[in-house]
Each structure stands twice: as C-alpha cells, then as structure tokens.
Protein chains: 2
Amino acid sequence: MTRVVTIRDVAKAAGVSLSSVSRALNGGKHVSPRIARDVIEVAKRLGYRPDFLARSLRTRSSGMVGCLVSDVSNPLNATIVRAAEAKLREAGYLMVVASTANDPNRERAAADEFRGRRLDGILVAPGSGANETIWRELASGATPVVILDRDPIGDDGDPRWPAVLVDHRGGAKAATRYLLGLGHRRIALLTADAHMRPSRERIAGFREAFAEAGADPAGAQLCIQSTPMDFAQGDTLALLGGERRPTAIIALGTRILAGALRAARDLGLSVPRDLSVVSVGDTDLAAIHTPAITALRWSLEHVGHAAAELLLQRLRGDIAQAQSRALLEVDLVLRESCAAPRCS
Amino acid sequence: MTRVVTIRDVAKAAGVSLSSVSRALNGGKHVSPRIARDVIEVAKRLGYRPDFLARSLRTRSSGMVGCLVSDVSNPLNATIVRAAEAKLREAGYLMVVASTANDPNRERAAADEFRGRRLDGILVAPGSGANETIWRELASGATPVVILDRDPIGDDGDPRWPAVLVDHRGGAKAATRYLLGLGHRRIALLTADAHMRPSRERIAGFREAFAEAGADPAGAQLCIQSTPMDFAQGDTLALLGGERRPTAIIALGTRILAGALRAARDLGLSVPRDLSVVSVGDTDLAAIHTPAITALRWSLEHVGHAAAELLLQRLRGDIAQAQSRALLEVDLVLRESCAAPRCS
DNA sequence: GCCTTTCTTGAAATCGTTTCCAGAACACTT
DNA sequence: AAGTGTTCTGGAAACGATTTCAAGAAAGGC
C-alpha cells in the first residue's frame with residue numbers, strides 16, 4: 001500500500017516550504033500567484049488531500065456538528081435530521097447522529113462524547129425526563145447548542161440557547177376551534193409525553209380554544225399515551241367505548257392515530273359519521289387513509305433548515321445579528337375526516 | 001473561559017511524565033500500580049478529558065464510521081441507520097451520516113469527504129445509477145466498507161466487500177406463490193428502481209414463482225415506478241383500470257402501496273373482494289389499514305445490526321474469521337387483504 | 001556478589017496541519 | 001541613493017495526544 005501524500009510531499013515536489021503550500025491551498029493570501037499556481041498544480045498531480053484530523057487539531061474546529069435526538073427512525077425526526085444535515089453539509093460540516101431512545105444515561109453519555117470529540121456545535125432534542133441532566137451537561141461546555149422544539153428555559157428563566165419552536169399551541173387551537181365550530185362539544189386530545197413542550201403546548205391551545213368559545217371545559221378530554229405501545233389501541237378503545245365518549249379526536253399522527261383508527265373500526269364507529277378525526281402531523285397514513293384525515297401540518301424540512309441556520313450563524317460568529325429563536329407556524333389541512341356530530 | 005485541561009497538566013500535577021500519564025490512562029500496562037492510581041485520581045480531580053482529535057491523529061484511527069445512504073428520512077433506511085448506530089456506539093464508534101438523495105455527485109462528494117476525514121469504516125447503500133462511480137471512489141481507499149442490500153460484485157465478478165443482503169427474491173417468491181395458490185393468475189408487481197438489487201431480486205422471485213407453478217408468464221405484470229411522485233397513483237390507476245387488470249398486486253410498502261390503495265378506492269375496487277394486496281415491507285400503513293394488509297416482513301434492525309457487526313469484525317482486524325456476507329430472510333405475514341379472485 | 005533479565009520511567013519523536021515570527025525582497029517616496 | 005512600507009517566504013513552534021527508545025531500577029539465578 002502506497003503511503004498517503006501529505007503537505008510535506010507537495011512542498012518537496014514544488015520546491016517550496018510547508019507554509020507556502022498551506023497558504024497557497026487555503027485562501028491564497030500572502031502568496032505570490034506563481035507559487036500558488038505551481039502548488040495547486042503539484043497538489044492535484046500528486047493527488048494530495050488534506051487531513052481533516054490534523055487540520056482540526058490545529059485550528060481547534062472539527063468541522064462536525066452533532067445531532068442528539070431521541071430516535072432517528074421516527075419519520076418526524078428523520079426528516080428534520082435530513083434537512084439539517086443537507087444544509088450543514090453545504091456549509092462544509094459533517095453531521096454525526098446519536099439516537100438516545102429517550103434514555104437519560106445515553107443522552108448524557110452522548111453529550112459527553114460529543115464534547116470530547118470537540119464538535120463545533122450541537123443540535124439537540126432531548127427525550128422525556130432527561131432535560132435537566134443533559135442540559136446541565138451541555139451548559140458546562142462552550143459549544144454552541146440549538147434546541148429542537150423543546151423549552152430552552154434555564155434555571156434563571158432566561159432562554160439559554162437558541163431554539164426552533166413549532167407553534168403547536170396555535171395548531172391545536174385551530175383544530176379545536178374548527179371542531180367546536182362543527183358543533184362538537186366533547187373532544188379528546190390524544191398525545192404523548194405531557195410534560196414535554198410539544199404536548200404541553202398542544203394541551204394549552206386545546207384548552208384555550210374551549211375557553212374562547214365558552215364551551216364547557218369538561219368536554220375537553222385528555223388522553224396521554226406515555227407508552228405508545230401497540231399503537232395505544234387499548235386506551236383508545238376504552239376512551240371511545242366509554243359512557244360519554246368524545247365525538248371528535250385530535251390524535252398524534254404517528255402511531256397513536258393508527259391505534260385510534262383501528263380502535264374506531266373495531267368499535268364499528270364510522271369516520272367521520274360517528275367520529276371526527278384530526279391528525280397532529282401530516283403523515284403518509286393521514287394522507288392516504290380512507291377517508292383522508294384532516295391534519296395539522298408543519299414543515300419538518302423548515303425545522304431542520306431553521307435549526308441548521310441558527311447553528312451556522314453561531315458557528316460563523318455572527319452573534320450580533322444571530323436570532324435566538326425561530327417560530328414555525330402550523331396549518332390545518334382540511335380533508336374528509338371531520339363532520340358535524342350527529343345529534344347527541 | 002478557563003483553558004481545557006490537557007494531559008500535560010495532569011502530568012505536572014501528578015509529578016510524572018507525559019508518557020506515564022498516557023500509559024496509566026489507557027491500558028495501564030507497563031506502569032506501576034501506584035503511579036496508575038495517582039494519575040487516575042489526579043485526572044479525575046482535574047476533570048481531564050482526552051482529546052479525540054489529537055489521539056486520532058496519532059493513532060491514525062478516527063473512531064468514526066460513515067453511513068452513506070440515499071435518504072435517512074425514509075423510515076426503512078432510518079431504522080437501519082439507528083440500529084447500526086446503536087451497535088457501533090456500543091463499540092465506541094461515532095457515526096456520521098450523509099443523505100445523498102440518490103444524486104451521484106453528492107454520493108461521490110460524500111465518499112470523498114469521508115476519506116478525507118479518515119473515517120475508519122463506511123456503511124453504504126448507493127442510490128440509483130451511482131453504483132459505478134461511488135464504488136470506484138471507495139475502492140481507491142483502504143477503508144473497510146460494508147454494503148447494505150446492494151450488489152457487491154466488482155468488475156471481475158468477485159464480491160469486493162462484505163454485504164448485508166435481504167432475501168427479496170425468496171420473499172417475492174413466497175408472496176407470489178401464495179397468491180397463485182389462492183387462484184390468482186394475473187398479478188402485478190409494483191416496485192421501483194428495477195436495476196437495483198432489491199427490485200431486481202423481487203422481480204426474479206416473482207417470475208420464478210410463476211414458472212414453478214406452471215402459470216402463464218404473461219400473467220406476471222410489472223409496474224416499475226421510477227419516480228414515486230404523488231404516490232404513483234396515476235400509473236396504478238391506469239393499471240387497475242385497464243382491460244385485463246390484475247386481480248392481485250404486490251406493492252412496495254412505502255408510498256407506492258399508499259398510491260395503489262388510493263387508486264383502488266377511486267376505482268371502486270374493494271380489497272380483498274376485487275383486488276388482493278400484498279405489501280412489500282411491513283410498514284405502519286400496512287398494519288393499520290382497513291383491511292389490514294398482508295405483508296412481506298424482514299427485520300430492519302437485523303440489517304443494521306448485521307451491517308455493524310460485519311464492519312466491526314473488519315475494524316477489529318478479525319479478517320480471518322470475518323464473514324463476508326449476511327443473508328436475512330423475509331417472512332410473509334398473513335392478514336386480511338388477500339382472497340381468492342372472483343370468477344373472472 | 002555479579003550478571004542477566006524484566007519492568008518502569010521519562011525524553012524525544014511523531015502524526016499532518018496551521019500560524020507566528022523574523023528576515024528578504026521589492027516597490028515607492030523623498 | 002537612502003529610508004520606509006508592504007508583500008513573500010521559509011523555519012520553527014504550536015495543537016494534544018501516543019509510542020519508540022534508551023537508560024535506570026529492581027529482581028532473579030548462579
């Protein structure tokens with residue numbers, strides 16, 4: 001195997017010093033045009049490729065950003081990750097991912113390792129209960145951090161890091177208002193992880209809509225799925241089979257929606273005649289289901305892009321004009337799954 | 001900001017040489033127990049954390065592996081990536097991902113950059129037409145490569161790299177045999193990227209089943225979706241609305257299945273009465289659809305794990321006992337979407 | 001008690017870059 | 001022609017670890 005060609009070889013071959021080669025190759029400032037041309041030509045001929053490790057060591061910048069997310073295989077996260085990755089790659093950064101399965105220990109370990117590897121920045125969406133430990137861990141480093149749809153509030157109440165936030169509150173409010181407008185009075189919100197931002201905001205919006213409309217708040221039923229096992233079918237069966245069952249549901253669009261639809265079918269409830277359904281998140285399932293499910297939609301690509309942009313601003317050092325947060329709006333996509341309730 | 005603590009600081013504080021610190025911290029061989037204990041204690045007290053970049057530069061091993069995949073946001077890929085990442089992380093490797101959107105140029109660029117970053121190994125599932133260029137690019141390096149469900153055949157006909165292969169042929173054959181057994185004689189296979197391994201193998205298995213059963217091969221209809229735009233709904237409409245329409249379809253379970261189901265609905269075809277459906281891949285959609293769709297299932301986690309394992313064998317240098325490929329079987333999960341065709 | 005072997009130890013080299021520094025070359029002004 | 005900047009250039013010092021090497025110390029065998 002032939003040894004890899006280093007900057008030293010190029011210098012020798014071109015008959016100049018190491019420093020000149022380095023200067024010629026990056027920037028080209030403080031170097032005469034003739035030498036620059038020669039060096040570049042020789043480097044190409046020899047097939048020289050700079051060693052990022054060595055460069056990183058010297059420049060104290062690894063050219064990599066980390067992405068800490070509960071589970072990349074969740075399509076919602078995956079799309080965000082891909083979008084962010086694409087934008088960061090454009091800017092010359094490599095992205096390393098770590099799925100943590102919502103396990104605080106693994107989150108800590110990953111954050112720890114990210115710092116050891118001197119990553120230039122971190123995108124993070126901590127899972128369930130880990131918020132405190134992982135954020136403390138991150139805070140101890142000087143690495144720029146951007147939060148994905150989580151609360152960036154520190155102990156002192158100040159936003160500690162920039163964040164990309166989705167307006168789940170506004171979305172839930174719009175959906176609820178829509179259902180109330182159709183005449184529904186008992187509506188259930190099926191969501192997960194009540195103490196995390198997305199669900200918390202949704203719940204808030206849900207209740208606000210009831211309050212605004214002057215509807216009986218007892219009609220706003222919550223169904224929290226802490227473990228989205230077997231598509232949450234069991235809980236939904238109980239909910240829909242109960243005495244004062246809701247005439248409409250707003251369900252998280254990944255697995256919970258699937259479980260809810262199946263439960264409805266098992267109970268012989270027809271959508272939208274007996275039950276109106278709104279999906280939180282416009283998934284394939286929602287779009288393709290029969291009938292097609294009305295959905296709250298926000299752009300996952302935007303989330304990824306915005307996060308990457310926020311991080312890049314920090315990395316470029318544009319602290320002055322760097323925004324500290326991005327708020328993404330949520331749309332209600334009307335389809336066929338909602339109707340006025342039958343006289344109850 | 002306080003400067004980061006290096007091995008030099010530890011040496012000074014412990015009153016020993018740099019080499020002793022290094023020895024004490026890794027392995028602990030060739031160092032007296034007393035010094036080892038002292039050094040470890042001092043290192044912990046000072047909060048020393050080794051710099052991976054510096055270490056990598058010296059040891060010529062970055063501790064990172066790359067993953068080159070067409071699109072991480074595809075749930076199938078995402079699951080594989082997550083599984084591989086988990087296993088590699090256990091072994092101390094970090095994983096960097098690059099989605100290439102099937103763009104040969106981006107694939108090349110990514111492979112290029114991976115090499116520049118001195119990644120220790122690469123997991124790769126090239127998209128469409130890029131096979132040649134990207135493999136040539138990879139072949140020029142000495143980095144261990146593991147192929148994900150693609151043909152690892154080189155110009156000379158020899159398998160160049162280890163690969164994790166899914167038995168799509170066997171799966172398609174089983175599904176086709178099942179449908180033929182139900183009495184279907186006109187079956188359509190809806191798949192994508194006919195020249196890539198997964199679809200090619202499927203097509204082969206599909207035809208083999210027809211041949212084995214002595215059925216008229218003209219009944220084996222192919223519908224190749226090169227662009228899975230709008231869920232391939234248009235093509236499927238034409239197929240199902242045509243003169244000698246198939247009585248059963250086997251459809252790729254991501255978006256094509258969705259388009260097919262919608263097309264069937266639009267044409268007023270009831271599943272399974274008028275049309276039997278088998279999904280290739282057990283997606284949420286297949287499991288939750290009404291009626292539930294019979295599906296070909298293989299474990300994406302296994303693919304990821306197997307790929308990681310194959311790569312780790314190479315990285316550990318167990319070339320001697322390293323396997324060169326893993327073949328994963330495909331099961332047919334029977335549900336409610338298939339029935340005997342009505343007398344035609 | 002001396003020689004040989006093994007084990008510890010620290011100094012120094014190395015990995016491949018970038019960057020600081022000082023001197024050289026050159027152009028320009030007076 | 002001398003003085004004063006400005007731009008190029010190469011040597012050498014980082015960056016922070018690991019690893020080689022040789023010397024010193026301890027242990028063991030006769």
Side-chain angles (χ1 to χ4, degrees), chain A residues 1-40 42-43 46-64 92 113 115-120 142, chain B residues 1-40 42-43 46-64 92 113 115-120 142:
Chain A
M1 174 202 158
T2 158
R3 225 175 50 64
V4 72
V5 34
T6 83
I7 200 175
R8 187 165 260 109
D9 304 321
V10 177
K12 196 160 299 177
V16 296
S17 75
L18 274 63
S19 9
S20 292
V21 176
S22 176
R23 279 187 288 250
L25 260 30
N26 357 333
K29 206 53 204 160
H30 293 290
V31 75
S32 72
R34 192 180 54 78
I35 289 197
R37 187 169 40 76
D38 286 3
V39 166
I40 289 174
V42 169
L46 264 49
Y48 166 76
R49 305 150 66 91
D51 183 327
F52 274 79
L53 259 48
R55 172 182 306 190
S56 300
L57 178 60
R58 181 61 231 239
T59 62
R60 324 201 52 61
S61 140
S62 63
M64 303 188 302
E113 186 157 6
R115 281 215 303 145
R117 303 246 184 189
R118 298 238 190 297
L119 298 196
D120 295 340
Chain B
M1 170 202 162
T2 156
R3 223 176 51 67
V4 72
V5 33
T6 83
I7 199 175
R8 186 164 261 109
D9 303 321
V10 177
K12 196 159 297 176
V16 296
S17 75
L18 274 63
S19 11
S20 292
V21 176
S22 175
R23 278 187 288 251
L25 261 31
N26 1 331
K29 208 52 204 159
H30 294 289
V31 76
S32 73
R34 193 182 54 78
I35 289 197
R37 187 169 39 76
D38 285 4
V39 166
I40 289 175
V42 170
L46 263 50
Y48 167 74
R49 304 150 66 91
D51 183 326
F52 274 79
L53 259 49
R55 172 183 304 189
S56 300
L57 178 59
R58 183 60 233 246
T59 62
R60 324 202 53 58
S61 141
S62 63
M64 305 189 300
E113 185 157 6
R115 282 216 302 146
R117 303 246 185 190
R118 300 241 189 297
L119 298 196
D120 295 341

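Each chain gets a letter, A, B and so on, in the order its sequence line appears, and its residues count up from 1. Here the structure is a predicted model, which is why all the values come from computation and not from measurement.
With salt bridges taken as basic N to acidic carboxylate O contacts below 4.0 Å, none links R55(B) and D51(B).
In this structure a side-chain-to-backbone donor-acceptor pair under 3.5 Å is missing from R117(A) to M64(A). Checked by atom type and distance alone, the side chain of S22(A) never pairs as donor or acceptor with a backbone atom of L18(A) at under 3.5 Å.
Here the side chain of L18(A) is nearest to one of dT17(C), dT18(D), dT9(C), namely dT17(C). Set against dT9(D), dG10(C), dA17(D), the side chain of V16(B) has dG10(C) as its closest nucleotide.
In this structure, L119(A) CG and S62(A) OG are separated by 5.0 Å, a value rounded to the nearest 0.5 Å. Rounded to the nearest 0.5 angstrom, H30(B) NE2 and S20(B) OG are separated by 12.5 Å. Summarising the geometry, atom CG belonging to D38(B) is positioned 7.5 Å from atom CD1 belonging to I35(B); distances are rounded to the nearest 0.5 Å.
Two residues, S32(B) and R60(B), neighbour DNA chain C, and the one matched to the more 5' nucleotide by heavy-atom proximity is S32(B). Comparing V31(B) and T59(A) against DNA chain C, the residue whose closest nucleotide sits nearer the 5' end is V31(B).
You'll find the side chain of V4(B) reaches within 4.5 Å of the side chain of R118(A), heavy atoms only.
Atom CD1 of I35(B) is separated from atom C1' of dG24(D) by 14 Å (rounded to the nearest Å). For the pair N26(B) CG and dG16(D) C1', the computed distance is 13 Å after rounding to whole Å. Rounded to whole Å, the distance from NZ on K12(A) to C1' on dG11(D) is 15 Å. The nearest whole Å value for the distance from the NE2 atom in H30(A) to the C1' atom in dC20(C) is 12 Å. Whole-Å rounding puts the R8(A) CZ to dA12(D) C1' distance at 11 Å. In this entry the distance linking CZ of R117(A) with C1' of dC15(D) reads 18 Å, nearest Å.
Put simply, R118(B) has no side-chain N or O that comes within less than 4.0 Å of OP1 or OP2 on dG16(C). Between T6(B) and the phosphate of dA17(D), there is a side-chain N or O to OP1/OP2 separation shorter than 4.0 Å. For the pair S19(A) and dC20(C), the criterion of a side-chain N or O lying under 4.0 Å from OP1 or OP2 is not met.
Judged by distance alone with a 3.5 Å cut-off, no donor-acceptor contact links the side chain of R58(B) to the base of dG16(C). In this model, a side-chain donor or acceptor of R23(A) finds a partner on the base of dG10(D) within 3.5 Å.
Residues from residues 46-57 of chain B placing a heavy atom under 4.0 Å of any atom in DNA chain C, listed by number, are L57(B).
As judged by a 4.0 angstrom heavy-atom cut-off over every strand, S22(A) is placed among the base-contacting residues.
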